[in-house]
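When a ligand or atom number is given, it counts from 1 through the structure's own listing order.
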Amino acid sequence: MQSLSGQSFIGFARSQSAGPVQRCVNPATATELPTDFFQATPADLEQACSLALAATPVLAGLSGGQKAEFLHGIAIRIEAATPDLVSRATQETGLPEARCQGEIGRTIGQLRLFADLVAAGDWIDARIETADPDRKPLPKPDHRSMLRPLGPIAVFCASNFPFAYSVAGGDTASAFAAGCPVIVMAHHAHSGTAEIMGGLVVDAVRASGLPEGTFSMLMGSGRVVGQQLAKHPVIRGVGFTGSRAGGRALMDTAAARPVPIPVYAEMSSVNPVVLLDGAIASRGDTIAAGLAASCTLGVGQFCTQPGLIILERTAASEAFVTKLGQLFAAAAEGTMLTAGIHQAYVDGLAVRAARAGVSLVARGTSGGQPNRATPTLFATSAKAFIADGSLQEEIFGPCSLVVWCENAAERRQVVAALHGSLTATVHATDAELGTNADLIGQLEAMAGRVVVNGFPTGVEVSHAIVHGGPYPSLSDGRTTSVGSNAIYRFTRLVCYQNFPDAALPAELRAANPLGISRLVNGVRQSGSI
Ligand code: NAP
């Protein structure tokens with residue numbers, strides 16, 4: 001295991017900060033890990049931003065092939081450093097080794113997905129409208145447009161994804177792929193993992209011959225250093241995964257800047273699951289087993305954890321909820337990521353239990369070890385749910401709320417009242433799907449991914465995945481934070497008017513030297529014009 005300095009990466013240099021100091025804590029044992037991590041200073045932040053500004057035009061001028069080489073370079077280094085990364089992350093997060101291994105694999109896969117995307121080049125959305133000087137009453141100009149990088153991006157690491165949504169995770173990979181420099185705000189809970197990963201990214205920047213401002217990483221408190229970063233005039237966009245309070249604070253900071261910038265925050269999601277009678281009657285036990293597993297997977301610390309279960313009251317659905325309660329009661333407790341997240345879970349359960357009309361269905365047993373969360377299932381009526389907006393707030397952990405509807409009309413009212421979520425799931429027979437098109441329409445209106453006869457946890461990283469949804473699941477529900485479409489968050493369209501061919505970007509030249517797919521005078525083609 002390499003030694004850790006606890007200092008920020010400011011381009012190729014390390015900060016010489018003397019503090020404030022933070023230490024990481026092993027949540028499984030509630031013991032402090034020995035390394036001191038030093039908060040980045042205002043001078044560090046200034047230098048990181050100044051380097052990022054200098055790197056901006058260089059990165060914007062890279063070809064897809066050069067960006068792909070850089071992204072592959074990071075992936076190769078992560079692969080080689082996997083034992084060190086796993087060893088540190090298991091201590092800092094309490095996540096099991098297999099989960100860390102799997103998440104590293106996903107992180108490498110994401111980097112390679114973006115590398116292949118930018119190497120192919122079609123993603124850039126090149127459009128060409130050729131000039132028509134003879135058009136009446138006015139001549140038509142030559143217009144050519146494509147996506148260009150946004151500029152330096154601040155990325156906030158997620159507590160619950162120390163790899164896939166942290167230093168070299170999806171936000172960073174998509175920003176690099178778009179051609180943007182990145183300044184990462186390390187998460188205080190896994191700063192050692194961040195330091196190892198930051199070193200790998202810096203190595204890859206050097207090896208690819210890119211400017212040092214391509215990447216910096218700041219240690220310390222997000223509320224202090226992260227706020228300063230989001231306010232800095234050089235920063236052009238923010239990627240964030242975490243609490244609604246944190247994401248909302250960054251949205252408000254960004255909107256209040258003299259020059260507002262976009263914040264792509266993935267915040268909180270309750271991921272409703274609607275169960276129709278036919279599905280319960282035909283395979284209730286299988287659904288109950290899958291649902292309990294999905295609710296408690298990873299100690300419920302996934303943004304796609306199903307936090308609401310909506311069904312009509314019948315004899316079969318009452319038996320289903322009894323079964324689900326038994327599975328919750330028998331499910332193992334698990335170590336949460338941090339003492340703060342554990343406390344928020346305990347507090348969230350207490351608040352929910354005290355709400356009018358909410359009853360406890362089942363609760364797992366606790367062995368009394370530190371930071372353990374016990375699976376918990378509550379129930380309420382449709383009327384109480386509709387009347388009390390707080391019942392839609394995310395309780396981050398292995399907890400879910402059954403909403404009893406007395407009939408289909410009440411179920412429609414409940415679904416109509418749902419806030420935005422990353423996912424919405426329905427279990428139904430084929431016949432029920434045919435007669436409930438309105439329900440699918442309702443779910444599509446409030447979620448980014450609608451799942452039929454499955455479970456929402458387990459997010460595939462692909463070209464078609466959508467990991468986004470209306471607020472509050474995302475700050476901007478038009479986007480996704482997972483999958484290759486995430487690149488579009490860190491771009492903006494530029495149109496070039498009446499440019500001589502040689503002065504155009506290669507993507508827009510007449511000969512189409514990159515052989516990419518383009519929309520030419522309204523017709524999609526890959527040839528020259
Ligand atoms: P968090 O408190 O939102 O923190 C995430 C990152 O944002 C940290 O680096 C944090 O910095 C920073 N941050 C927080 N508030 C900020 C602010 N006002 N201004 C600037 N930066 C800020 O999330 P967390 O620590 O990961 O977990 C806390 C709670 O978030 C959980 O209990 C859960 O409810 C929720 N959460 C939800 C998801 C999800 O996917 N839905 C994922 C993770 C967490 P500092 O803390 O160092 O100041």
(request) Decide, yes or no, whether a salt bridge links Arg112 with Glu79 under the criterion of side-chain N to carboxylate O below 4.0 Å. (result) yes
(message) Regarding Glu195 and Arg14, does a basic nitrogen lie under 4.0 Å from an acidic carboxylate oxygen?
(response) yes
(message) Could you measure the distance from the OH atom of Tyr165 to the CD atom of Gln110? Nearest 0.5 Å is fine.
(response) 4.5 Å
(request) Measure up the Phe215 and Phe9 rings against each other and bin them: parallel (under 30°), tilted (30 to 60°), perpendicular (over 60°). (result) tilted
(message) Between the side chains of Arg88 and Asp84, is the shortest nitrogen-to-carboxylate-oxygen separation below 4.0 Å, so that they form an ion pair?
(response) no
(request) Tell me the residues surrounding ligand 1, counting only those with a heavy atom closer than 4.0 angstrom, sorted by chain and number. (result) Phe156, Ser159, Asn160, His187, His188, Ser221, Gly222, Arg223, Gln227, Phe240, Gly242, Ser243, Gly246, Ala249, Leu250, Glu266, Met267, Ser268, Cys303, Ile341, Ala344, Glu394, Phe396
(request) With the side chain counted from C-beta on, respond yes when Ser166 and His187 share a heavy-atom pair under 4.5 Å apart, and no when they do not. (result) no
